[in-house]
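Heavy atoms only: backbone and side chains are in, while hydrogens, waters and symmetry mates are out. To find a chain, count down the sequence lines: A is the first, B the second, and so on, and within it residues start at 1.
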Amino acid sequence: MENRPLEYDYSVAKLFMFTTIVLGIVGMLIGVILAFQLAFPSINLLLGEGLAEYTNFSRLRPLHTDAVIFGFTLSGVFATWYYIGQRVLKVSMAESGFLMFIGKLHFWLYVVGVAAVVVSLFMGITTSKEYAEFEWPIDIAIVIVWVLWGISVFGLIGIRRERSLYISIWYYIATFLGIAMLYLFNNMEVPTYFASGGIGAWYHSVSMYSGTNDALVQWWYGHNAVAFGFTVPIVAMIYYFLPKESGQAVYSYKLSLLSFWGLMFVYLWAGGHHLLFSTVPDWMQTMGSVFSVILILPSWGSAINMLLTMKGEWQQVASSPLIKFMVLASTFYMFSTLEGPIQAIKSVNALAHFTDWIVGHVHDGVLGWVGFMIMAALFHMAPRVFKRELYSKALMTTQFWIQTLGVVLYFTSMWIAGITQGMMWRAHDEFGNLAYSFIDTVTVLHPYYTIRAVGGLLYLIGFFMFAYNIYKTMSARPVEENELQSATPMAA
Amino acid sequence: MFHWLEKRPFFFAVAVFLTIAFAGLIEILPNFAQASRPTIGTAPYSTLELAGRHVYIKNSCNACHSQLIRPFKAETDRYGHYSLSGEYAYDRPFLWGSKRTGPDLMRVGNYRTTDWHENHMYDPAGVVPGSIMPAYKWMFTNIADVDTAYAEQLTIESVFNVPYNKPIPMKDGSTSTVALADSLEGAHASALEEAKLVAEDMKNQDVKDAVANGQIPEIVALIAYMNSLK
Ligand code: HEM
Ligand code: HEM
């Protein structure tokens, strides 16, 4: 080991931190607009009758999901990779001009890709497949961005000093491979312009799969976009940041091992739970349902491993806002990985599918787990990357409580809305006729939609506080090297 | 073994890949040939219907409407016969949706009419008081993209052998054919013929004028598609 600490180079990490925040604001702002549109439809005319084509709910919805998944979350994954990777592999990006170049290229192509996505979705150019709405030219760009990231990951691993790969690295490798495989298969499509000898829109394509097969591939993808986008890389983050921030070693290596390989094996089977009672073969639905329940084990394995890492150090939760964020994130992870399997039980899914309960499940996962963890990661990184003290711990605590309240309002209202709607759809009167017309089941949701919108707004306000805190940190006067002992408000 | 893997990134990556690819191999591949056989009575989309389907996709109607009727009494009472796999044989992409903010549309052609759709798309809450669906007024002026629909028909006919211009068995034992024009002009002409039939039942004067002038507003294509959902 050398005596002099390595100087890590965070220039690419900084760039991705920036897009995490900007795209987070964009995506969540659109989310809040959507939520208000469902409660108050006149907001579809936000910018007037003339622009309604671009501001109505259905045109904006894919923009929300893609901005938060491929913008906010993915940027967060890349930012933390370019930070954690160097540190646990004990090698600096500055040591390789090649990797530095790839890293920057990765970022700039990513930005171009994001811009293309935004423009095309506003124009209504979409394949309609959830979380895979992009037409083939953008798909190609995404594949290139992904390959560049792969070169970064394996290139850095190739020149590492630390022989053994830390747990977080396992999860980043799995993220890379998982998404690569799924994305390629799900986006197999034939460009019609070329196949028809130059007729129609050049960017249009038609799916290689039809009907039931298309659905099968799409949800094999969709479910695992959740797995390899919202779970695996976020677990990578918490395995690094929680021990670092708390000064505690990971509770159990065996448990990490078990949860990792368990998660890899089980996750892919569970996609069938999106297609229960559909026209895909019964055995696949049953597999999806059964494996979803088994999935509790590896999921809780990681979460419990994290919570037990705090064993004997619980006073930190009270004293440190950053630890608060991470402990709440693991708690919400446990919560949504319990709720998910319950919804995957066939009789429960019969009620829950197509309702707002699913939307509630989505958001306790993404707001409570993904959002909190990414913000915590950036809070931890900011002082070290910018070599400044974190601007305000008090602001951080306030943000924590506002956002927690927001998440709670969001999922409780959606539970009630979902179960109410599911029950009303199936209710029959004493003569065996349907008890409610469809519109009855819509108007009854108004109060819950309103509460959800308020909850979402609180979360967004918290996100602005986060952005402000990071901005103030970044633009503050640099501090002396030795003052950095306590880079975050709590001693690191 | 795991310690060994953790020092060898290449083999580690291979092990991860095999573990995650396994499920896909077993679950997805075997089903492929079987599920794509069409049921009797299922026909490919005409040019105008397909253009309408593109309007549906362009506006992400599938964000709020499902096209999948599950086999429960409450659903068959409300929407009609539950869905069969073969009914989706010509759906590329599938449009099952994952959220029912509005009702299912799998068989909406059975119980709604052209003029109902016309009024509803222009002002949903005017037709269904309390509806939270946005109004889609721009569809009355935007022109449908017949070229791309025709290009897609040519593509699926040549690449996936979709049976255009071939007899398709119907439920009553007869056969019917869906014509595919042999030129772009022909495709426009046949789409316009179909559009005229739809516009006949509509009231909006601008739409009627456009169709009379040989243009097809998006709403006409969309309604043709809606009416085909049975
Ligand atoms: C053990 C783990 C989990 C299981 C078994 C599970 C199960 C489910 C089930 C049954 C559905 C509903 C499918 C339907 O009826 O439409 C669902 C939807 C969803 N879940 Fe999970 N879930 C789990 C964890 C998570 C986590 C941790 C997240 C996010 C952080 C998440 C995000 C989603 C999303 C985004 C959808 C909605 C997909 C859509 O309809 O577009 N899930 N999940
Ligand atoms: C300010 C916070 C947010 C608000 C107010 C919000 C609101 C919404 C709304 C209204 C919908 C449409 C639900 C429907 O169709 O009925 C939605 C869907 C969705 N949102 Fe969010 N959202 C927020 C943040 C996020 C974040 C941070 C993520 C992911 C990282 C996310 C991921 C999703 C996903 C995956 C869906 C699709 C769910 C499905 O298909 O079942 N949202 N959101």
Between B/Tyr82, B/Phe17, B/Phe10, B/Phe72, the one whose heavy-atom pairs under 4.5 Å with chain A are most numerous: B/Phe72
Return the option, out of A/Tyr193, A/Phe194, A/Phe260, with the maximum number of heavy-atom pairs under 4.5 Å with chain B. A/Phe260
Considering all heavy atoms, the nearest A/Ala132-A/Tyr221 contact: CB-CE2, 3.8 Å
In terms of heavy-atom proximity below 4.5 Å to chain B, should A/Val266 be classed as side chain, backbone, both, or neither? neither
Kindly say whether the aromatic ring centers of A/Trp220 and A/Tyr209 come within a distance under 6.0 Å. no
Go through A/Ala227, A/Ala427, A/Ser164, A/Ala215 and name the one with the most non-hydrogen pairs under 4.5 angstrom from chain B. A/Ala215
For chain A, which of B/His54, B/Lys99, B/Lys7, B/Glu152 has the most heavy-atom pairs under 4.5 Å? B/Lys99
Nearest atoms (heavy-atom pairs only) where B/Arg107 meets B/Lys230: NH1-O, 3.2 Å
Proximity breakdown for A/Ser278 and chain B, heavy-atom pairs closer than 4.5 Å: both
Does any heavy atom of chain A fall under 4.5 Å from the side chain of B/Tyr56, the backbone, both, or neither of them? neither
Of the backbone (N, CA, C, O) and the side chain (C-beta and beyond), which part of B/Trp138 lies under 4.5 Å from a heavy atom of chain A, both, or neither? side chain
With a 4.5 angstrom heavy-atom cut-off, could you sort out which part of A/Gln421 is near chain B: side chain, backbone, both or neither? side chain
Provide the closest heavy-atom pair for B/Arg70 versus A/Asn349 in the form atom of the first, atom of the second, distance. NH1-O, 3.5 Å
For the ring pair B/Phe11 and B/Trp4, is the centre-to-centre distance below 6.0 Å? yes
Checked B/Thr19, B/Leu154, B/Asp104 vs chain A; the most non-hydrogen pairs under 4.5 Å come from B/Thr19
May I ask you to name which of A/Met123, A/Glu49, A/Gln37 has the most heavy-atom pairs under 4.5 Å with chain B? A/Glu49
Centre-to-centre under 6.0 Å for A/Trp219 and A/His223, is that the case here? no
Between A/Ser207 and A/Asp214 the two heavy atoms that sit nearest each other are OG-OD1, 2.9 Å
Taking every heavy-atom pair that is under 4.5 Å apart, which of A/Val206, A/Val190, A/Leu38, A/Ile173 has the most such pairs with chain B? A/Val206
For a quick check under 3.5 Å, do B/Tyr45 and B/Asp91 share a side-chain donor-acceptor pair by atom type? yes
Under 4.5 Å from any heavy atom of chain B, what part of A/Leu257 do you find: side chain, backbone, both or neither? side chain
Most heavy-atom pairs under 4.5 Å with chain A, out of B/Ala135, B/Ala15, B/Gly102, belong to B/Gly102
Ranking B/Leu18, B/Leu5, B/Asn62 by heavy-atom pairs under 4.5 Å to chain A gives rank one to B/Asn62
Exercise: do B/Asp145 and A/His204 side chains pair donor with acceptor under 3.5 Å: no
Applying a strict 4.5 Å limit to non-hydrogen atoms, the region of A/Ser437 in contact with chain B is backbone
Might you point out which heavy atoms bring B/Ile20 and A/Leu268 nearest each other, and give the distance in Å? O-CG, 3.1 Å
Greatest number of non-hydrogen atom pairs under 4.5 angstrom with chain A, of B/Pro93, B/Ala63, B/Pro103, falls to B/Pro103
Verify the ring-centre separation between A/His446 and A/Phe40: is it less than 6.0 angstrom? yes
Quick check on A/His353 against chain B: is it the side chain, the backbone, both or neither that has a heavy atom closer than 4.5 Å? both
Non-hydrogen atoms of chain A under 4.5 Å away: do they reach the side chain of B/Pro129, the backbone, both or neither? backbone
Report which part of A/Phe291 has an atom under 4.5 Å of a heavy atom belonging to chain B: side chain, backbone, both, or neither. neither
Per-residue contact mode, A/Asn433 against chain B (heavy atom under 4.5 angstrom): neither
Hey, are the side chains of B/Phe94 and A/Ser210 touching, using non-hydrogen atoms and a 4.5 Å cut-off? no
I need the residue from A/Ile439, A/Ile157, A/Val442, A/Ile43 with the largest number of non-hydrogen atom pairs under 4.5 Å to chain B. A/Ile439
Pick one of side chain, backbone, both or neither for A/Tyr253, based on which atoms fall under 4.5 Å of a heavy atom in chain B. side chain
Check whether A/Phe154 gets within reach of chain B through its side chain, its backbone, both or neither, counting any heavy atom under 4.5 Å. side chain
Top of A/Arg61, A/Arg163, A/Arg59, A/Glu53 for chain B proximity - count of heavy-atom pairs under 4.5 angstrom: A/Glu53
How about A/Tyr449 and A/Phe57: are their ring centroids closer than 6.0 Å? no
Answer with side chain, backbone, both or neither: which region of B/Leu184 has an atom nearer than 4.5 Å to a non-hydrogen atom of chain A? side chain
Going through the distances and angles, do B/Tyr122 and B/Met139 end up as a side-chain contact (heavy atoms from CB on, under 4.5 Å)? CA-CA 9 Å; B/Tyr122 198 79; B/Met139 287 183 187; over 6 Å; no
Ring of B/Phe160, cation from B/Arg92 - is the NZ or CZ under 6.0 Å from the centre and inside 45° of the axis? yes
